[in-house]
Amino acid sequence: MTEETGLSWVAAQCDDLEDLPVEELDCLAERGPVEAMLRIAERSVTALSRPRAVRLGQDVRHLLESSLLDAAIRTVWLGATDQVFDPAKDGISARVWLRQMEQSWLAAERRSDRLFVPPPAAPETNEGLRRDVLRAIGQVSSDLTDTVENRSYPLPLPGLAPALEQVTVHACADLGYRLFLRALKASYVAIDTETQDTLVALGNRFGYPQSLVAEGLNHRR
């Protein structure tokens, strides 16, 4: 979790809610998950290095500026967090929630630097990388779909693999890759050595260390 970045770092905070800071746990209990997620977004500014914290704002922009439907954004988020937090249960859409997160993150950035200007979103659009992320998703699509759609708890989550593909194509290949990894880890899908090697090699092309990719994967030798 320590090497996560941007929106995938926020998703990783849902792995074990008991590890959240006391003030965020209190916020979760007293004010609900939406407000708690906004507190986590604020914490990214002090918990992460500057480039990794800035990536949160860029990731949110990738999604907000994309042509993705709210339903696809929500599905990907639920998959990345194993449905720990669903903004729809609090009566807000995925895009409204993302805008609130962006505002919280930006306010925290400007508390430390009042002249802070968010950098351009600059999504990863390299066609080769995009194609290889789609290929990696396709490699485990059947197992991922079987895992998240044929279960009683958490509730079945239809359409996760297609939604991850849509993020990769229509938002950002880098973000699609990271949320795909989070979905694999959250759902504990079993992967073989060949698939793990593929994911590690792909992560290396994005500049991510092997530890970030491999830690938390359900690797079956």
Side-chain angles (χ1 to χ4, degrees), residues 1-17 19-20 33 36-37 40-41 43-44 47-48 52-53 55-60 62-63 66 68 72-87 94 97-98 101 105 123-124 129-130 132-134 136-141 143-145 147-149 151 154-155 157-169 171-191 195-196 198-200 202-219:
M1 185 184 298
T2 56
E3 293 170 335
E4 290 281 4
T5 185
L7 194 59
S8 51
W9 176 83
V10 176
Q13 304 307 296
C14 297
D15 282 352
D16 190 346
L17 295 180
D19 289 339
L20 293 177
M37 286 293 111
I40 291 172
R43 177 162 58 90
S44 71
L48 302 177
R52 288 161 60 213
R55 181 68 66 85
L56 174 55
Q58 292 176 309
D59 285 347
V60 169
H62 295 329
L63 295 174
S66 75
L68 291 167
I73 297 173
R74 173 177 176 260
T75 296
V76 166
W77 179 253
L78 292 180
T81 61
D82 206 25
Q83 304 194 52
V84 167
F85 165 62
D86 181 0
W97 169 64
L98 286 172
M101 180 179 291
W105 163 78
E124 178 57 72
L129 283 170
R130 178 188 292 162
D132 288 345
V133 173
L134 292 175
I137 295 172
Q139 232 178 306
V140 298
S141 176
D143 289 339
L144 178 61
T145 297
T147 298
V148 302
E149 293 190 10
R151 62 188 183 185
L155 292 174
L157 182 62
L160 177 56
L164 288 164
E165 292 172 341
Q166 290 173 40
V167 170
T168 301
V169 172
C172 173
D174 181 296
L175 178 58
Y177 169 76
R178 283 184 284 118
L179 292 179
F180 168 51
L181 280 180
R182 291 301 323 159
L184 289 179
K185 295 173 184 181
S187 57
Y188 208 58
V189 174
I191 62 168
T195 300
Q196 176 164 289
T198 296
L199 294 172
V200 169
L202 186 52
N204 185 60
R205 292 169 63 192
F206 283 113
Y208 300 125
Q210 178 176 347
S211 57
L212 171 66
V213 178
E215 184 179 358
L217 287 174
N218 181 15
H219 177 209

Report the residues that fulfil side-chain contact (heavy atoms from CB on, under 4.5 Å) with L17, sequence neighbours left out, ordered by chain and then residue number. L20, L28, V84
Under the side-chain contact (heavy atoms from CB on, under 4.5 Å) test, which residues partner A171, sequence neighbours left out? H62, L63, S66, L68, V167
Is there a side-chain contact between P123 and L175 (heavy atoms, below 4.5 Å)? no
Got a sec, which residues hit side chain to side chain donor-acceptor pair (under 3.5 Å) with S141, two or more places apart in sequence or on another chain? none
Sub-4.5 Å side-chain heavy-atom contact between Q13 and F85: no
Applying salt bridge (Lys or Arg N to Asp or Glu O under 4.0 Å), name anything that partners D174, two or more places apart in sequence or on another chain. R55, R178
Spatial distance of atom SG (C172) from atom CD (Q58) [nearest 0.5 Å]: 9.0 Å
Mind checking side chain to side chain donor-acceptor pair (under 3.5 Å) for W97 and listing every partner two or more places apart, or none if nothing turns up? none
With a 4.5 Å limit on heavy-atom distance, are the side chains of L199 and L184 in contact? yes
Would you kindly say whether T145 and E149 are connected by a side-chain donor-acceptor distance under 3.5 Å? no
Can you sort out the partners of T168 under side-chain contact (heavy atoms from CB on, under 4.5 Å), two or more places apart, ordered by chain and number? R130, V133, L134, I137, A173
Evaluate the side-chain proximity of L202 to L129: yes if any heavy-atom separation is below 4.5 Å, no if none is. yes
Taking side-chain contact (heavy atoms from CB on, under 4.5 Å) as the definition, give me every residue that meets it alongside D86, ordered by chain and number, with sequence neighbours left out. R74, L78, A88, K89
Which residues satisfy the side chain to side chain donor-acceptor pair (under 3.5 Å) test with N218, sequence neighbours excluded? R220
Side chain to side chain donor-acceptor pair (under 3.5 Å) involving S44 - partner list, sequence neighbours excluded: none
Who passes ring pair (Phe, Tyr, Trp, His ring centres under 6.0 Å) against F206, sequence neighbours left out? Y177
Looking at side-chain heavy atoms only, is the closest gap between Y188 and T147 below 4.5 Å? no
Kindly indicate whether the side chain of W9, heavy atoms from C-beta on, has any atom under 4.5 Å from the side chain of L48. yes
Using a 4.5 Å cut-off on heavy atoms from C-beta on, say whether the side chain of F180 contacts that of V140. yes
Measure the shortest side-chain to side-chain distance between V200 and N204 over non-hydrogen atoms and say whether it is less than 4.5 angstrom. no
Could you work out, with salt bridge (Lys or Arg N to Asp or Glu O under 4.0 Å) as the rule, every residue matching D143, not counting sequence neighbours? none
Between D59 and R182, is there a salt bridge with N-O shorter than 4.0 Å? no
